[in-house]
Structures are given as structure tokens and as C-alpha cells.
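Notes for the one structure printed next.
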Amino acid sequence: MSLAGGLATWMEPLQAADLASLTTGPSGTPIILSTWRHGLPANDRAVEVLNAKGSVLDAVEEGVAVVESDLTNRSVGLGGRPDRDGFTTLDACIQDHDGRAGAVAFLREFEHPIKVARAIMDRTPHVMLVGNGAEQWALANGFTKRKVDIPEVRKAWKEWLKTSDYKPLVNIENHDTIGMVAMDANGKLAGSCTTSGLAYKVHGRVGDSPIIGAGLFVDGDVGAACATGTGELVIRTSGSHAVVEMMRNGVEPEEACERAVRRILHKHPGLKGHQVGFLALRKDGAHGAYSVYKGFDYALTKEGRTQLADAPYMMEWD
Ligand code: ASP
């Protein structure tokens with residue numbers, strides 16, 4: 001579909017909400033979607049948690065925590081690539097069926113930003129803590145620091161410093177959040193999102209991933225969505241919130257993701273080389289995905305099976 005055609009569709013009044021289809025019951029088995037291939041072990045862990053009678057909120061927390069602990073992952077957790085000053089800084093958020101949320105941003109030296117985000121949600125009246133304040137709060141609330149030095153990462157950063165050429169490249173692993181949206185067998189929804197953000201970002205930069213409505217949005221009355229890719233584009237368009245609101249108005253999940261992508265492209269004429277991908281899960285179990293460029297894959301767990309799926313896309317990268 002051309003961008004112009006897409007724009008017309010975006011601007012049309014949204015179709016009358018088919019609330020009946022939004023209020024049908026859950027599928028009876030959990031449905032979990034998470035971004036990129038690293039979603040496979042994350043979904044498996046989330047299923048384990050649900051099988052052990054954990055809540056869907058526990059499942060999305062524990063699921064993405066697996067990827068945070070993987071020090072070979074260069075875009076999530078302490079194995080992530082650093083900012084331009086050499087610090088790996090982490091962003092995460094979590095949200096439940098009822099919209100309760102916790103988030104942490106610009107956090108250093110904690111293995112599990114997602115667990116800090118969950119604790120902020122559970123133990124404070126706030127949604128988000130950042131930087132030093134978040135660090136102090138985490139230390140005072142039972143979290144401990146972990147220092148990690150990965151020679152390969154340090155070497156690549158030093159190499160990058162020689163040119164300091166900042167170019168987020170499509171599907172090349174200098175950025176790739178894990179975002180997860182899940183529904184348990186009873187139809188309860190939750191979502192999580194965690195990242196080390198864009199490699200070699202300006203020190204202090206926070207992306208979309210810890211921002212409720214941008215990197216993640218859950219509304220148990222409708223559904224959930226999460227995003228990956230160049231966070232600035234997702235923040236500017238409140239991407240995940242837009243996807244959920246479109247579903248609220250009767251747009252099918254995949255179409256909602258596609259419209260959110262088209263909106264980004266419409267708002268940024270001439271944009272090239274920036275990947276953004278969305279995942280959406282509606283409360284009746286319908287789900288969808290869409291990305292700017294070919295190459296966005298995601299882990300899908302459904303009817304007891306987890307597999308990798310390719311998202312439909314707007315264009316190919318040449
Ligand atoms: N969205 C993340 C950020 O901008 C990075 C990514 O998902 O690729 O920090």
C-alpha cells in the first residue's frame with residue numbers, strides 16, 4: 001500500500017467500534033508476543049511462570065528478565081552497548097491489566113531494570129524513577145548493584161569513538177528492545193519492555209521503552225501493544241498508545257500496527273534507515289504485528305506452542 005493511500009486511511013474517521021468483538025472471551029490458553037528472536041526464551045519463561053500459577057504480570061516480568069540476564073545480548077541488560085561516554089544505561093517499564101504501571105530510566109549497574117520497574121509500581125505511589133534517584137531507591141529497596149565489564153563491548157565502543165558516527169541501522173543489532181505483551185488463560189493482560197537503548201546514544205538519553213504509551217501500553221478493556229526501534233519516533237507519536245486506541249475503535253490489531261507505522265512515516269517525510277516495529281494483542285486474543293522495514297521478527301506463543309514469526313512490513317531496506 002502506498003504511503004499516500006495509507007495516509008488517507010489514517011485520516012478517515014475510525015470505524016464504529018465493534019465492541020461486541022472486543023468483549024468476547026479469552027482463548028482459553030495464554031497468548032504471548034515478544035519482540036525479536038530473543039523473545040523465544042522470554043516467552044518460554046513466561047509460560048513456565050503461568051504454568052506454575054504465577055500471574056500474567058509475574059510472567060511478563062520474569063520473561064523479559066531472562067533476556068536482561070543474557071550478557072551476550074548487546075541491546076538489553078548489562079551486556080548492552082554503552083552510550084557515547086561508555087556507560088550502559090538501562091530503561092524498562094511494566095503495566096498490568098488495570099493500567100497500573102512502573103518504570104525506570106537511565107539506570108546503571110542493575111541486572112534487572114524490569115524488576116526495579118515492577119517494585120516501583122508495587123511499592124511507591126509513582127510510575128517512574130530515573131537516574132541517581134532510581135538507583136538510590138533500588139538500593140534502599142533490596143536491589144544490589146552488579147558491575148559488568150565486557151572487553152568485546154568496550155573494544156567496539158573505543159572503535160566507534162574513532163569516528164563517533166551515529167547511525168541507527170535497520171535491524172542491525174545496535175538497538176533491539178524486548179517488549180512483551182501477554183494474556184493469561186483467563187484473559188488478563190500485562191506487558192513489559194526493557195532495553196539498553198540505542199548504542200552510543202548521548203549520555204542521559206531515554207528512549208521510548210520505559211515510557212508508558214510509547215514503548216508499551218496496556219488497557220485490559222481493550223488490549224496491549226509494545227514497540228521496538230528508534231525510540232524518538234515512537235515517543236513522538238505515542239506509538240503503543242495509538243495502537244491500543246485504534247483497537248478500541250474497532251481496528252484489527254495488525255491494521256492498528258500498520259497505521260501506527262504509516263503515521264510515523266507521514267510525520268517524518270524522507271525518513272530513511274530507521275526501523276520501528278509494533279506488536280498488538282487484543283483482549284479477545286486477536287493479535288498482529290507490523291514494521292517499517294522487512295526483518296522484524298517476534299516470538300509468538302499460542303495454543304501451547306512458541307514460534308518465531310515475521311512481521312509484515314512497509315518496505316525493504318536496500
Ligand atoms: N526502542 C529502543 C530505544 O529507542 C531501542 C530499540 O528497540 O531498538 O531505546
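FYI, the numbering just counts along the sequence from 1. Read the numbers this way: they start at 1 and go in the same order the structure lists the ligands and their atoms.
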**Q.** Glu68 bridged to Lys115 by N-O distance under 4.0 Å
**A.** no
**Q.** Polar contact flag, side-chain donor to acceptor under 3.5 angstrom, Asn43-Ser34
**A.** yes
Q. What distance separates Glu255 CD from Met246 CE, expressed to the nearest 0.5 Å?
A. 8.5 Å
Q: Specify whether Phe217 and His241 have parallel, tilted or perpendicular ring planes, treating 30° as the upper limit for parallel and 60° as the lower limit for perpendicular.
A: perpendicular
**Q.** Test of proximity, Thr228 against ligand 1: N or O pairs below 3.5 Å
**A.** yes
**Q.** Per-atom contacts, ligand 1 versus Ser209 - under 4.0 Å to a heavy atom
**A.** 1 (N), 2 (C)
Q) Given the rule in the ring pair (Phe, Tyr, Trp, His ring centres under 6.0 Å) test, do His112 and Phe143 qualify, once you have shown the distances and angles that lead to the verdict? A) CA-CA 9 Å; His112 288 302; Phe143 292 92; 9.0 Å; no
Q. Should you measure from each heavy atom of Gly229, which atoms of ligand 1 turn up under 4.0 Å away?
A. 1 (N), 2 (C), 3 (C), 4 (O), 5 (C), 6 (C), 7 (O), 8 (O)
(Q) Can you tell me which residue among Phe278, Trp36, Tyr290 is in a ring pair (Phe, Tyr, Trp, His ring centres under 6.0 Å) with Phe296? (A) Trp36
Q) Quick check: does Glu232 get an N/O under 3.5 Å from an N/O on ligand 1? A) no
(Q) Tell me the nearest of Arg205, His274, Lys201 to atom 4 (O) of ligand 1, using heavy-atom distances. (A) Arg205
Q: Say whether Asp176, considering both its backbone and side-chain N or O atoms, lies within less than 3.5 Å of an N or O atom on ligand 1.
A: yes
**Q.** Subset of ligand 1 atoms that lie under 4.0 Å from at least one heavy atom of Asp208
**A.** 1 (N), 2 (C), 3 (C), 4 (O)
Q) Is the shortest N/O to N/O distance between Gly207 and ligand 1 below 3.5 Å? A) no
Q) Would you say Gly197 has any N or O atom under 3.5 Å from an N or O of ligand 1, going by distance alone? A) no
Q: Verify, without hydrogens or angle tests, whether Thr177 (side chain) and Gly179 (backbone) share a donor-acceptor contact under 3.5 angstrom.
A: no
